[in-house]
Amino acid sequence: MWKLKMSSTVTGEGELVETVNDHVGRQFWLFVPDPGDGARNDDYQEYRREVEEARRRFTENRFRARQSSDILMRLQFAREKKNKALKMVAWDEQRVGMDEETTAVRTTLQKALMFYSTLQSDDGFWPGDYGGPMFLLPGLVIGLYVTGVLQAVLSCEHQSEILRYLYNHQAARRRTLWKVWIDEEGSRLDTGSWRGNFYPIVGKDVAVLGLYDWSGNNPMPPELWLLPYALPIHPGRMWCHTRLVYLPMSYLYAKRYVMPVNSTVLSLRRELYTIPYHLIEWDKIRNLCAKEDLYYPHPWVQDVLWEGLQKIVEPLLGKWPFSKLRNKALDVVMEHIHYEDENTRYICIGPVNKVLNMVCCWVEDPTSEAFKRHLPRIKDYLWVSEDGMKMMGYGGSQLWDTAFAVQALLATNMVDLCGSMLKKAHDFIKNSQVRENSRGNPSAWHRHISKGGWPFSTADNGWIVSDCASEGFKAALLLSQMPSNIVGESIDAGRAFEAVNLILSLQNGSGGFASYELTRSYQWLEMINPAQIFGDIVVDYQYVECTSAAIEALTTFANMYPDHRSGAISSCISKAVDFIESIQLPDGSWYGSWGVCFTYGTWFGIKGLLASGRTYESSSHIRKACDFLLGKQLPSGGWGESYLSSQNKVYTNLEGNRAHLANTSWAMLALIEAGQAERDLKPLRRAAKLLAKSMMDNGDFPQQEIIGVFNRNCMISYSSYRNIFPIWALGEYYARVLSN
Ligand SMILES: CC(C)=CCC[C@@H](C)[C@H]1CC[C@@]2(C)[C@@H]3CC[C@H]4C(C)(C)[C@@H](O)CC[C@@]45C[C@@]35CC[C@]12C
């Protein structure tokens with residue numbers, strides 16, 4: 001049986017897996033063989049039966065409901081926490097004198113909170129599935145195959161869950177599954193850079209595997225790392241995800257590494273291509289991309305650039321004395337790879353560079369300590385749910401979810417019910433603050449400072465994100481205003497000052513906040529975005545989400561510590577507000593880049609402005625934004641946005657005008673905070689009714705369409721949102737609107 005382990009290690013991996021906080025927040029699945037007949041009690045048999053039933057149901061419905069619901073985790077928790085959940089039911093009580101609606105919302109909230117408490121880990125976070133992108137798993141399998149450890153790392157139980165996942169999603173998402181598509185299209189030469197001809201199937205991974213010739217890839221010269229930093233094109237100025245994927249890619253490209261060809265590779269070559277492999281004219285297909293994949297077509301300037309590099313620069317770099325430069329560049333690249341590995345404890349910033357770095361370490365030295373240290377961290381990216389085993393987009397969303405969860409719980413004002421959840425979450429947040437910068441001089445490695453910030457997943461990942469820092473800090477500050485006998489000791493002032501310092505350091509001249517670092521180069525560089533499937537990846541752009549979160553964190557802090565860096569804080573807030581106002585769209589909305597889509601962005605836009613002291617009455621921006629939201633309310637009372645909003649940048653309802661719990665909650669939260677209840681309660685009442693009615697009998701909420709997004713075009717699951725946001729919105733409605 002698969003078992004979710006939290007904040008721990010597996011026997012034997014001890015010395016290879018380093019940690020800064022005793023592994024707090026780590027989540028991974030371990031296969032535990034069934035107990036022998038004697039030990040299998042009825043309870044266990046029932047549990048097994050339920051797991052099988054969940055898997056069967058997913059497969060049966062896979063064309064209708066594509067998102068898995070984390071049922072395996074829920075079943076495990078239900079079994080482990082049975083007694084605790086029952087104890088909480090006894091708490092339920094009716095309040096005398098409440099009207100029907102208030103009682104109904106209160107009862108819904110109580111039930112939702114009770115359920116949500118059973119999903120919390122003992123050290124305070126809510127584990128969950130962070131899957132979605134389907135191009136990650138093939139990269140891992142190829143990386144492990146090339147390095148010869150596939151069978152050792154992925155046991156037959158892993159393999160059968162991976163196959164289950166592929167089967168379950170195969171026909172439902174035929175186009176993103178390469179092999180199926182081959183059958184339809186006959187051949188697979190037009191895979192698109194960074195998905196197909198680079199990652200995962202072909203490109204560097206598949207080129208490494210010997211299924212796609214290196215000359216079919218556009219050049220990725222590692223020499224860019226040797227350029228003066230003053231040049232806008234220096235990789236150190238790129239968005240960290242882009243530069244850290246480019247880093248190992250450029251190493252493998254320059255080495256033109258290919259594993260020894262074997263019978264599997266030969267048979268795959270025959271299966272994949274309609275013409276013999278040796279007759280393929282690789283150079284001619286460098287820029288080919290299937291129309292279905294083509295989100296960002298290369299501008300002609302880029303094609304000219306690749307042509308020049310391919311035809312002139314690359315041949316030169318292979319010859320003495322230029323080859324010396326190449327060798328130097330490869331050394332520099334490898335140093336950067338090791339730096340990234342060590343400072344993330346081999347988790348790496350994301351799933352793509354995790355695998356590519358691992359392959360590079362192996363190519364450099366198959367017996368290296370670095371390669372060995374990569375292996376036990378693979379499990380940090382694998383998640384099992386009823387649809388099978390997938391590779392997640394990150395090592396989880398632990399801190400991010402916990403920071404939101406705390407705000408949701410506090411919004412309900414039911415501290416007597418949430419006390420122990422809050423205390424544990426508080427400990428988790430304090431334990432997850434990043435206490436040190438990356439080693440040595442961070443800027444020599446193109447790293448911003450990290451000290452005082454919060455990561456998206458765990459402190460061991462070590463990469464702080466601006467809005468994770470702000471949301472984590474805000475949650476910690478809100479908790480420090482609560483009685484410490486209930487929620488535990490407050491974050492100490494020194495750590496709070498470090499957080500403020502970090503947040504202030506992340507503001508750009510234009511007032512906005514980007515994701516991980518300052519914006520270090522120019523928008524026009526997007527011209528060299530090589531990834532035809534992603535938009536806006538070359539530099540770290542500034543976002544309404546990140547900017548609004550910073551305003552909220554800083555205003556919360558300033559209210560508590562009015563004398564600490566007050567000048568810097570107020571000037572930061574005022575510039576941030578200007579930035580948010582400047583990027584409001586003509587219809588009153590904001591485009592949300594990390595959640596789907598305009599409801600998400602507009603929630604952040606509105607709350608950022610409100611936190612700065614603006615009101616509905618004083619700000620035409622807020623009024624316009626509220627009108628926008630009200631205008632999108634569906635007849636059902638909810639809001640429901642399709643992923644097409646993100647892709648096309650045009651507000652698009654879900655098919656059939658269905659409502660989505662997350663969109664409904666975001667819109668409702670924004671409206672409540674902007675004082676909608678005083679103007680007209682009806683839209684809120686209809687939305688609240690919809691949320692309450694959506695709750696399932698056990699207090700859980702249904703999993704709906706995938707609601708996270710990155711780089712405009714790629715979707716990612718936020719599995720906790722289905723609980724967090726309805727609780728938050730109903731909590732605000734109950735405590736701020738009904739109880740007033
Ligand atoms: C490099 C490739 C092609 C794939 C790896 C995927 C990553 C780029 C993204 C996967 C998780 C993301 C989306 C991550 C998730 C959290 C958000 C956020 C909600 C905190 C947001 O507000 C700021 C940006 C995020 C950090 C994200 C960036 C991109 C991912 C790492």
Side-chain angles (χ1 to χ4, degrees), residues 128-140 192-196 198-200 203-205 238-249 295-296 344 347-357 381 391-404 453-457 461 463-472 506 512-517 529-538 540-550 590-597 600-601 603-604 608 646 662 706-718 720-721 724:
D129 181 352
Y130 195 54
M134 298 198 60
F135 54 82
L136 301 173
L137 200 49
L140 174 66
S193 194
W194 279 39
R195 181 183 76 88
F198 198 111
Y199 195 90
K204 303 308 172 265
D205 263 351
M238 293 176 181
W239 185 40
C240 52
H241 275 282
T242 304
R243 78 166 178 268
L244 284 157
V245 167
Y246 169 71
L247 183 74
M249 279 183 175
Y295 182 71
Y296 177 77
T344 60
I347 298 170
C348 296
I349 195 174
V352 177
N353 81 322
K354 159 75 191 164
V355 172
L356 291 170
N357 281 13
Y381 282 97
M391 187 170 195
M392 301 194 297
Y394 222 72
S397 49
Q398 297 88 323
L399 181 281
W400 182 246
D401 290 339
T402 307
F404 276 153
W454 274 269
F456 181 66
S457 54
N461 163 291
W463 277 91
I464 60 95
V465 188
S466 78
D467 53 357
C468 300
S470 299
E471 297 292 347
L506 283 164
F513 284 73
S515 63
Y516 290 77
E517 299 164 336
N529 169 1
Q532 287 131 315
I533 62 161
F534 302 127
D536 297 342
I537 60 162
V538 180
D540 200 345
Y541 294 97
Q542 294 153 44
Y543 301 100
V544 64
E545 295 98 313
C546 301
T547 311
S548 156
W590 281 269
Y591 176 86
S593 295
W594 308 105
V596 178
C597 172
Y600 187 66
W603 174 49
F604 277 100
S646 305
I706 196 161
I707 200 72
V709 63
F710 61 93
N711 307 145
R712 317 279 171 247
N713 193 32
C714 199
M715 311 309 296
I716 196 153
S717 311
Y718 284 83
S720 298
Y721 281 12
I724 296 176

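Every value quoted in this text rests on a predicted model; they were computed, and no experiment measured them. Just follow the structure's listing: the first ligand is 1, and inside any ligand the first atom is 1. Counting from 1, the numbers follow the sequence of the chain as shown.
Between Phe604 and Phe404, the ring planes lie tilted relative to each other; the angle falls in the 30° to 60° range. Below 30°, between 30° and 60°, or above 60°: for Tyr600 and Trp603 the angle between ring planes is between 30° and 60°, a tilted geometry.
Under a 4.0 Å criterion applied to the non-hydrogen atoms of Cys468, ligand 1 contributes the atoms 20 (C). Atoms of ligand 1 found under 4.0 Å from any heavy atom of Val245, numbered from 1 in the order shown, are 1 (C). Of all atoms in ligand 1, numbered sequentially from 1 with element shown, those under 4.0 Å from a heavy atom of Phe534 are 3 (C). Atoms of ligand 1 lying under 4.0 Å from any heavy atom of Trp400, numbered from 1 in the order shown and given with element: 19 (C). Using a 4.0 Å cut-off to heavy atoms of Trp239, the atoms of ligand 1 that qualify are 8 (C), 28 (C), 29 (C). For ligand 1 and Gly393, the ligand atoms under 4.0 Å from any heavy atom of the residue are 10 (C), 11 (C). Close approach of ligand 1 to Asp467 is summarised as follows: ligand atoms under 4.0 Å from at least one heavy atom of the residue are 20 (C), 21 (C), 22 (O), 23 (C).
Contacts between Tyr543 and ligand 1, counted as non-hydrogen atom pairs separated by less than 4.0 Å, are absent for every part of the residue. The part of His241 lying near ligand 1 is the side chain, judged by heavy-atom distances below 4.0 Å.
In this structure, a donor-acceptor pair under 3.5 Å is absent between the side chains of Thr344 and Trp463.
Using a non-hydrogen distance threshold of 4.0 Å, Tyr130 registers as a contact of ligand 1.
Judged by distance alone, the side chain of Ser717 and the main-chain N or O of Gly131 form a donor-acceptor pair under 3.5 Å. Side chain of Ser466 to backbone of Ala514: a donor-acceptor contact under 3.5 angstrom is found.
Distances from atom 28 (C) of ligand 1 to the heavy atoms of Tyr718, Trp463, Tyr600, Trp594 show the closest one on Trp594.
For Val355 against Gly139, the heavy-atom pair with the smallest separation is CG1-O, 3.5 Å. For the residue pair Glu517 and Arg243, the shortest heavy atom distance occurs at OE2-NH2, 2.8 Å.
A ring-ring contact (aromatic ring centres under 6.0 Å, His included) with Tyr130 holds for exactly one of Tyr718, Phe710, Trp400; it is Tyr718.
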